[in-house]
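First listed ligand is number 1; within each ligand, the first listed atom is number 1.
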Amino acid sequence: MLIGVPKEIKNHEYRIGLTPAGARELARNGHKVMVQRDGGKAIGLTNEMYEKAGAEIVDTAEEIFRRAEMIIKVKEPQPVEYAMLREGQLLYTYLHLAPDPDQTAGLVKSGCTAIAYETVTDRKGGLPLLAPMSEVAGRMSIQAGAHALEKAQGGSGVLLGGVPGVKPAEVLVIGGGVVGINAARMAMGMNAHVTILDRSLDRLKYLDELYGHQLTTIYSTHDAIEERLPETDLVIGAVLIPGAAAPKLVSRDQLKLMRPGSVLVDVAIDQGGCFETSKATTHQNPTYEVDGIIHYCVANMPGGVARTSTFALTNATLPFAVQLANKGPKKAMLDDEHLLNGLNVHAGKITYKAVADDLGYEYVPAAQALG
Ligand SMILES: NC(=O)C1=CN([C@@H]2O[C@H](COP(=O)(O)OP(=O)(O)OC[C@H]3O[C@@H](n4cnc5c(N)ncnc54)[C@H](O)[C@@H]3O)[C@@H](O)[C@H]2O)C=CC1
Ligand SMILES: CC(=O)C(=O)O
Ligand SMILES: [Mg+2]
């Protein structure tokens with residue numbers, strides 16, 4: 001199969017869809033890999049490294065999209081990118097379609113086959129291609145939040161860990177999945193006092209067994225969140241209902257319960273955000289203020305630590321990329337229900353139920369759409 005890896009074009013996005021080691025694995029499986037010139041340069045992955053791995057360096061994204069049978073990317077395609085996709089072409093990347101009607105319409109119109117990393121599943125009920133970036137974003141959310149709490153950034157001037165004689169900050173993590181546990185770990189490591197909320201009692205039990213008295217676990221309700229807002233310095237939004245738009249868990253009205261300069265970090269922003277006042281921001285301008293509360297809502301947080309993230313992402317995506325290339329997309333997906341769960345769009349049809357429901361499309365089950 002001819003595989004193309006374009007340079008990412010989202011604001012301050014320096015990740016690339018495949019490492020040189022990944023390109024070499026695909027080449028060893030008999031496939032041809034094209035990488036856009038300087039696609040990994042910003043994170044020290046040079047054209048020479050890709051050439052040594054057997055890849056062809058191609059000058060433009062246009063040429064990659066024109067020639068490739070499979071496109072491997074990181075972020076959802078931008079308008080100039082989805083305009084270049086065509087019927088029969090496979091797109092393998094993050095999509096986050098539910099909160100993005102324009103991209104969804106673009107993919108439907110293109111006729112391409114689009115697999116979303118974030119809805120591929122595993123045997124344990126996890127999301128193995130979302131998990132590595134959730135680990136990164138969860139860990140980063142605390143450093144981003146700690147920075148935003150600084151006075152010069154508009155924050156309340158609270159140090160997460162406090163000091164002897166002064167109490168630490170209160171951190172509230174809403175959603176105890178991969179982002180949530182990584183955020184909690186970092187915040188506890190910085191000596192903050194951490195409370196984590198989830199709707200899954202099994203997950204709360206697991207967190208309790210793991211961290212004991214160090215971590216307060218609470219069942220997530222509207223009341224539980226509202227009660228804690230007045231004393232919370234930093235809230236991390238880390239909920240997910242796979243494929244669907246995020247539920248809104250803190251309203252604009254409730255911001256006035258918080259101390260001015262307190263911080264909301266909405267990691268769930270890529271699914272539309274879990275605070276009413278969230279709107280996506282970029283690494284260039286990551287924060288804004290609403291009613292005295294600082295919001296950090298960067299939709300591609302792992303792009304900020306693009307080198308670590310690129311290796312972590314390829315580690316997870318490569319085995320499926322090899323399956324897709326070796327067997328062809330249809331057979332690879334029909335052979336593996338977990339990969340099939342990743343199919344969101346095929347030949348003009350929406351094949352993921354939560355996306356179809358949220359955006360008002362007819363839902364066609366993935367296996368049926370593939371025929
Ligand atoms: N902004 C960014 O750059 C990034 C964003 N993300 C996003 O972060 C979000 C979380 O991802 P993961 O942790 O991997 O998901 P996950 O599936 O591991 O965890 C989500 C948790 O939320 C819980 N949950 C659902 N509804 C809830 C509610 N009402 N209250 C409390 N908990 C609730 C679930 O029970 C689950 O434990 C996703 O939207 C993901 O796309 C992930 C990586 C990077
Ligand atoms: C998961 C995601 O949206 C990201 O890594 O940017
Ligand atoms: Mg994102």
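Contacts between V136 and ligand 1 below 4.0 angstrom, taking non-hydrogen atoms only, are absent altogether. Only backbone heavy atoms of A299 (N, CA, C or O) come within less than 4.0 Å of ligand 1; its side chain stays farther off. If you look at S134 next to ligand 2, there are no close heavy atoms at all, none under 4.0 Å. Proximity of E118 to ligand 2, defined as any heavy-atom pair under 4.0 Å, is not found for any part of the residue. Looking at D270 against ligand 1, only its side chain comes within 4.0 Å, counting heavy atoms. At a heavy-atom distance under 4.0 Å, atoms from both the backbone and the side chain of S134 approach ligand 1. Residue contacts with ligand 1 for A238 involve N, CA, C or O but no side-chain atom from C-beta outward (heavy atoms, distance under 4.0 Å). Using a 4.0 Å cut-off between heavy atoms, Q271 contacts ligand 1 through its side chain alone, with no backbone atom that close. Counting heavy atoms under 4.0 Å from ligand 1, residue V239 touches it through both backbone and side chain.
Summarising the contacts of atom 5 (O) of ligand 2 with E8, K10, R15, M301, the nearest heavy atom is found in R15. Selection from V173, I174, D198 by nearest heavy atom to atom 34 (C) of ligand 1 gives D198.
Under the 4.5 Å side-chain heavy-atom criterion for grouping Ile, Leu, Val, Met, Phe, Trp and Tyr, L26 is not connected to M34 through any hydrophobic cluster. In terms of hydrophobic clustering, with Ile, Leu, Val, Met, Phe, Trp and Tyr side chains grouped at heavy-atom distances under 4.5 Å, L197 and L234 are assigned to different clusters.
A salt bridge does not link K52 to E48: none of the charged side-chain nitrogens sits closer than 4.0 Å to a carboxylate oxygen. No salt bridge links E226 with R228; every basic N to acidic carboxylate O contact stays at or beyond 4.0 Å. In summary, D38 and K7 do not engage in a salt bridge, as defined by a charged side-chain N under 4.0 Å from a carboxylate O. Under the 4.0 Å criterion applied to side-chain N and carboxylate O atoms, K327 and D335 are assigned as salt-bridge partners.
Within 6.0 Å of CZ on R123 lie no more than 12 heavy atoms contributed by other residues, nucleotides or ligands. Heavy atoms from other residues, nucleotides or ligands lying under 6.0 Å from OH of Y288 number more than 12. Within a 6.0 Å sphere centred on CZ of R185, heavy atoms belonging to other residues, nucleotides or ligands number 12 at most. Counting heavy atoms of neighbouring residues, nucleotides and ligands inside a 6.0 Å radius, atom CZ of R203 exceeds 12 of them.
In this structure, V166 belongs to a hydrophobic cluster whose other members, linked by side-chain heavy atoms under 4.5 Å apart, are L159, V163.
At least one N or O atom of V178, backbone or side chain, sits closer than 3.5 Å to an N or O atom of ligand 1. Considering backbone and side-chain N/O atoms, V179 comes within less than 3.5 Å of an N/O atom of ligand 1. Remark: ligand 1 and G176 share no N or O pair separated by less than 3.5 Å (distance only, no angle test). Of the polar atoms of V267, at least one N or O is found under 3.5 Å from an N or O of ligand 1, judged by distance alone. For ligand 1, the polar-atom distance check finds an N/O of S220 within less than 3.5 Å of one of the ligand's N/O atoms. In terms of polar-atom proximity, M301 is counted as a contact of ligand 1, with an N or O under 3.5 Å from an N or O of the ligand.
Listed by number with element, the atoms of ligand 2 under 4.0 Å from a non-hydrogen atom of N300 are 6 (O). Close contacts of ligand 1 with G175, meaning ligand atoms under 4.0 Å from a residue heavy atom, involve 22 (O), 31 (C), 32 (N). Listed by number with element, the atoms of ligand 2 under 4.0 Å from a non-hydrogen atom of A299 are 3 (O), 6 (O). Ligand-side atoms of ligand 1 in range of N300: 3 (O), range being under 4.0 angstrom from any heavy atom. Atoms of ligand 1 lying under 4.0 Å from any heavy atom of V298, numbered from 1 in the order shown and given with element: 1 (N), 2 (C), 3 (O). Each of the following atoms of ligand 2 lies closer than 4.0 Å to a heavy atom of K75: 2 (C), 3 (O), 4 (C), 6 (O). Those atoms of ligand 1 with a heavy atom of M133 less than 4.0 angstrom away are 43 (C), 44 (C). With ligand atoms numbered from 1 in the order given, ligand 2 contributes 5 (O) to contacts under 4.0 Å with heavy atoms of M133. Listed by atom number, the atoms of ligand 2 under 4.0 Å from Y94 heavy atoms are 1 (C), 5 (O). Of all atoms in ligand 2, numbered sequentially from 1 with element shown, those under 4.0 Å from a heavy atom of L130 are 1 (C).
At least one heavy atom of H96 sits closer than 4.0 Å to an atom of ligand 2. Judged by the shortest distance from any of its heavy atoms, D266 lies outside the 4.0 Å radius around the atoms of ligand 1. Judged by the shortest distance from any of its heavy atoms, E118 lies outside the 4.0 Å radius around the atoms of ligand 1.
No side-chain donor-acceptor contact under 3.5 Å links E25 to the backbone of G22.
Side chains of M188 and L215 form a contact here, defined as non-hydrogen atoms less than 4.5 Å apart. M333 is listed as a side-chain neighbour of T113, based on a closest heavy-atom distance under 4.5 Å.
Rounding to the nearest 0.5 Å places OG1 of T216 at 11.5 Å from CG of L207.
Side-chain contact check for H31 and N326: at least one donor-acceptor pair (N or O, by modelled atom type) lies under 3.5 Å.
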Any chance you could lay out the ring-ring contact (aromatic ring centres under 6.0 Å, His included) test for Y352 and Y363, step after step, and finish with the verdict?
CA-CA 7 Å; Y352 199 86; Y363 163 61; 8.1 Å; no
